[in-house]
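Atoms within each ligand, like the ligands themselves, are counted from 1 in listed order.
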Amino acid sequence: MGNSDFQRMVLTETVLPKEPEEIFKQIENFKELMLTYNSAIREVTTKLEILNDELSLDDGKNPIQFIKSRVKKPLSIVDKLQRLGKEINVESIMGSLNDVAGIRVIASFVDDVYKIADMLVKQDDIFLVEAKDYIKNPKPNGYRSYHLIIEVPVFFSQKKQWIRVEVQIRTVAMDFWASLEHQVKYKKELKDTKEIERELKECADTIAATDVQMMNIRNKIDDIIL
Ligand code: 0O2
């Protein structure tokens with residue numbers, strides 16, 4: 001994400017500070033905020049990588065397949081704040097948005113999703129704001145994933161700041177499904193999506209059953225090996 005996006009946004013009609021000094025102040029504040037969110041992502045990613053390495057020492061298996069992360073794009077931030085009827089400024093971003101820093105953890109098996117979530121929130125420098133279990137309670141469209149909103153302390157030379165990070169944890173199969181379904185939501189050219197939605201729901205249920213079956217097979221293999 002480029003700061004130039006934000007500069008363009010500030011200088012166009014989206015956000016209209018009155019004075020040039022105000023424009024530069026906003027750009028500087030925004031750059032600092034994005035650095036903070038990036039730092040929070042790095043911290044949480046490192047925590048997850050350490051957990052993954054430690055767990056793989058036990059049995060040579062990695063509960064985490066891979067980790068993706070992103071900081072929300074400036075225009076998406078503005079869109080969301082406007083939808084929420086909030087002002088467009090740093091305080092609003094920090095106070096109203098949970099997902100400016102987003103991490104997606106792709107786990108091997110369903111029980112790994114819970115293991116990873118549990119180990120992360122147990123750490124004493126993590127504050128759990130909210131957990132949503134869309135695996136036990138899937139969305140009506142079939143979406144499954146485990147969501148955490150956490151706060152982590154980010155240390156700078158002069159201050160410590162608690163920063164919110166959204167962590168989505170799901171299996172490879174759930175992630176595959178969500179990527180395709182996301183396109184249906186955001187592709188405006190797609191008009192009549194009823195049949196696609198029905199098929200996606202069917203796939204989501206098949207995937208959920210397969211995920212459980214795969215976990216059971218892994219358990220059987222483990223029992224034989226032990
Ligand atoms: P994007 O483009 O992925 O960032 P909130 O974010 O708290 O205002 P909500 O609905 O209370 O919104 O939070 P929730 O349900 O935890 O969903 C947050 C994110 O989860 C979404 O962010 C998506 O990334 C993902 N998600 C939730 N539901 C679905 C779904 O039905 N399908 C897919 N593919 N992803 C979903 P954004 O900002 O909506 O989208």
Which N/O atoms of ligand 1 sit under 3.5 Å from a protein N/O, and at what distances?
residue  : atom   : partner : partner atom : Å
ligand 1 : 2 (O)  : H182    : NE2          : 3.1
ligand 1 : 3 (O)  : H182    : NE2          : 3.4
ligand 1 : 4 (O)  : R70     : NH2          : 3.4
ligand 1 : 6 (O)  : K80     : NZ           : 2.8
ligand 1 : 8 (O)  : K80     : NZ           : 3.1
ligand 1 : 11 (O) : K132    : NZ           : 3.0
ligand 1 : 13 (O) : K132    : NZ           : 3.1
ligand 1 : 15 (O) : Y134    : OH           : 2.7
ligand 1 : 15 (O) : K139    : NZ           : 3.1
ligand 1 : 16 (O) : K132    : NZ           : 3.1
ligand 1 : 16 (O) : H147    : ND1          : 2.8
ligand 1 : 20 (O) : Q168    : NE2          : 3.0
ligand 1 : 24 (O) : Q168    : NE2          : 3.1
ligand 1 : 28 (N) : K139    : NZ           : 2.9
ligand 1 : 31 (O) : N141    : ND2          : 2.8
ligand 1 : 31 (O) : K185    : NZ           : 2.8
ligand 1 : 32 (N) : E181    : OE1          : 2.7
ligand 1 : 32 (N) : K185    : NZ           : 3.2
ligand 1 : 34 (N) : A178    : O            : 3.1
ligand 1 : 34 (N) : E181    : OE1          : 2.9
ligand 1 : 40 (O) : Y186    : OH           : 3.4

The side-chain contact (heavy atoms from CB on, under 4.5 Å) partners of E28 (sequence neighbours excluded) come to K31
Joining Ile, Leu, Val, Met, Phe, Trp and Tyr whenever any side-chain heavy atoms lie under 4.5 Å apart, the cluster holding W162 also takes in F127, V129, I149
Using residues 210-217 as the side-chain source, report each donor-acceptor pair under 3.5 Å to any protein atom, sequence neighbours left out, with the distance given to one decimal.
residue : atom : partner : partner atom : Å
T210    : OG1  : T206    : O            : 2.8
D211    : OD2  : T171    : OG1          : 2.7
N216    : ND2  : V212    : O            : 3.4

Whether K136 engages the ring of Y114 as a cation-pi pair (distance to the six-membered ring centre under 6.0 angstrom, angle to the ring normal within 45°) should be assessed.
yes
CD1 (I93) and NZ (K80) are apart, to the nearest 0.5 Å, by 12.5 Å
(Q) Taking N89's backbone N and O only, do any of them form a donor-acceptor pair with S92's side chain (distance below 3.5 Å, no angle check)? (A) no
